[in-house]
Protein chains: 2
Amino acid sequence: MIDGGGTRPGPARRQEAIAEQILARGDITAGELAELFQVSLMTIHRDLSALERQGLVRKLRGGVTAQPSSVFESDVSFRERSMRAEKEAVAARAAELVEPGMAVMLDDSTTSLALARRLEALAPLTVVTNFLTTIELVAGMPGIRLIALGGDYDAPHNSFLGVSCTDAIAALQADLCFVSTSAVTGGHACHQEQHIVPVKRAMLASATRGVLLLDHTKLTRTALYRVARLETFDRVIVDAGAAPEALRELDQLTRSLDVAALLPPEAS
Amino acid sequence: MIDGGGTRPGPARRQEAIAEQILARGDITAGELAELFQVSLMTIHRDLSALERQGLVRKLRGGVTAQPSSVFESDVSFRERSMRAEKEAVAARAAELVEPGMAVMLDDSTTSLALARRLEALAPLTVVTNFLTTIELVAGMPGIRLIALGGDYDAPHNSFLGVSCTDAIAALQADLCFVSTSAVTGGHACHQEQHIVPVKRAMLASATRGVLLLDHTKLTRTALYRVARLETFDRVIVDAGAAPEALRELDQLTRSLDVAALLPPEAS
DNA sequence: GATTCATAACGGTGTCCAGTGTTAAAAACT
DNA sequence: AGTTTTTAACACTGGACACCGTTATGAATC
């Protein structure tokens, strides 16, 4: 059983492998990669240019080096690719909390996006979000009322932030709010980017119930800015991949913890 | 996504011709169309279904009938198709008013969209809009700062409206504001849809200078709701297709009229 | 200047998919 | 019922485009 999940296009797969190599070794030459993957030098160069456009590596004469992780970890196109199955599991569980007629708020996380994909079945519904990807998705769903949160466009996140965004949020009141942060440490949900924090806080303040969506890798990570204490959330959903002791600790700190089992590998 | 040239793939072209037929004759049978275009009945049915989804015609047993124009005239996908050259001419002239560093506001009109396409060359620039099509376009322009205006999503216009939109506008101050309305009558810029009016008004109120963009067909049309008096606008731009007496009358009523000559039919 | 590496340009190859027709079933009308 | 119109399902096709290699040109380093 090779290639278990989604082996979609040709080059993307190789590029992922290349990125993995670089991230592991730190640097490598184009020639080595060509040898390793049995393709021409030109192809390697093209792959590297693509990866550079995504901000994953830096090209320089004679080879490539890895980019410090903090730079690209926040980029959408990167986040979109990682922890797919875990996000789906969490999103599926989150969808169970949504009932027709509700107004739900979604932040600019790819986990929320996974949830958004499942919302069409639950119409009628009002969806509020500042995430352009989600906006485009939900705009095409007939039964769903969409309220977009405007603001300053942030390219790496593909979302809208800033004062005019928080102002818009403050004028609303949602039933349910789904938020994801990049880390959980010391009883707090944390994020590594300052300018996102006020938006997430405003969302939580404008919703009757707040739900935190996590994949298990968030539990072992740290980030600088505190978004909110874990008790702030009425519910926390995490996938089942976490270590037992981490789960136990998390359970202590949260009002209501929900562990989502991984879904069967559907051929979506 | 969009093809400026006009002669698109295969079926779109035929569907346009079909729509033209129906709009001219009022109604027609599927069989006649199949004969007329030398394609199978099935294909005609598919075309008609597509046109029906766009709200242009109504299918009923035995044929199709035209939809009263007021229903679809406001739909984006329809507006996008009409008066292409005129809009480009007006947009080109409007672009001359924009200087690097400015903050410009664009409404949810396809003329504004045509203008937006020309803005990348004028970076650095701040663009403010409530039109999702424009948002997606400008989000991909590196040198341009984008501020999106949120609000209730309106599917036929593909834009955001409502109180939360006007509120967001009121919190801003732009240098230049470009607005287009569906008609000009009795010294007023008018629009046929009520819920759009407050948004356009708010935009004009939040900009130092207001510019009205028109194609000449707007001059002979009427619409119910007054948006603003023509003197409100610091400048009015119209294409050269208008009748001389209409232009003269318009000139009387505006502070500064600008007649844009049609551009050479470039193969963009 | 020589060498090595990177990019640009061109052409070949395969895949994917929109577009269409045919046939069959379903639905609507008489 | 019978007839006509509409939809559903399937297979075919051509063109578009992604992907890759080869060769040629350009840039950077020694």
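Just so it is clear: chains get the letters A, B, ... in the order the sequence lines come, proteins before strands, and each one is counted from 1. Only this structure's heavy atoms are used, side chains among them; waters, hydrogens and symmetry mates stay out.
- A donor atom on one side chain and an acceptor atom on the other are found under 3.5 Å apart for A:K87 and A:T110.
- Looking only at distances, a side-chain donor or acceptor of A:D239 sits under 3.5 Å from a matching main-chain atom of A:H216.
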Atom pairs, N/O to N/O, protein against nucleotides 26-28 of chain C, distance under 3.5 Å?
residue	atom	partner	partner atom	Å
C:dA28	N3	B:R61	NH2	3.3

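- Rounded to a whole Å, the CZ atom of A:R13 is 14 Å from the P atom of D:dC20.
- No donor-acceptor pair under 3.5 Å is formed between the side chain of B:S112 and the backbone N or O of B:L106.
- Nearest heavy-atom pair, A:F131 versus A:S109, reported as atom, atom and distance to 0.1 Å: CE2-O, 3.6 Å.
- Nearest heavy atoms, B:D107 versus B:V179: OD2-CA, 3.5 Å.
- With hydrogens and angles ignored, the 3.5 Å screen pairs no side-chain donor or acceptor of B:N158 with any backbone N or O of B:L132.
- Considering only heavy atoms from C-beta on, B:R14 comes within 4.5 Å of B:P11 through its side chain.
- A close approach under 4.0 Å does occur between a side-chain nitrogen or oxygen of B:K59 and OP1 or OP2 of D:dT7.
- In the helix from C:dG1-D:dC30 to C:dT30-D:dA1, the rotation axis of the first five pairs and that of the last five pairs differ in direction by 40°, rounded to 10 degrees.
- Smallest separation of non-hydrogen atoms from A:A89 and A:A260: O-CB, 3.6 Å.
- Taking a 4.0 Å limit (strictly below) on heavy-atom distances, residues 30-50 of chain A reaches DNA chain C at A:M42, A:H45.
- With 3.5 Å as the limit, one finds no donor-acceptor pair spanning the side chains of B:K218 and B:T181.
- Atom CD1 of B:I18 and atom C1' of C:dT20 are 13 Å apart (whole Å).
- Atom P of nucleotide D:dT5 and atom CD1 of B:I28 are separated by 15 Å, given to the nearest angstrom.
- A salt bridge is defined here as a Lys NZ or Arg NE, NH1 or NH2 lying under 4.0 Å from an Asp or Glu carboxylate O, and B:R118 with B:E88 meets this definition.
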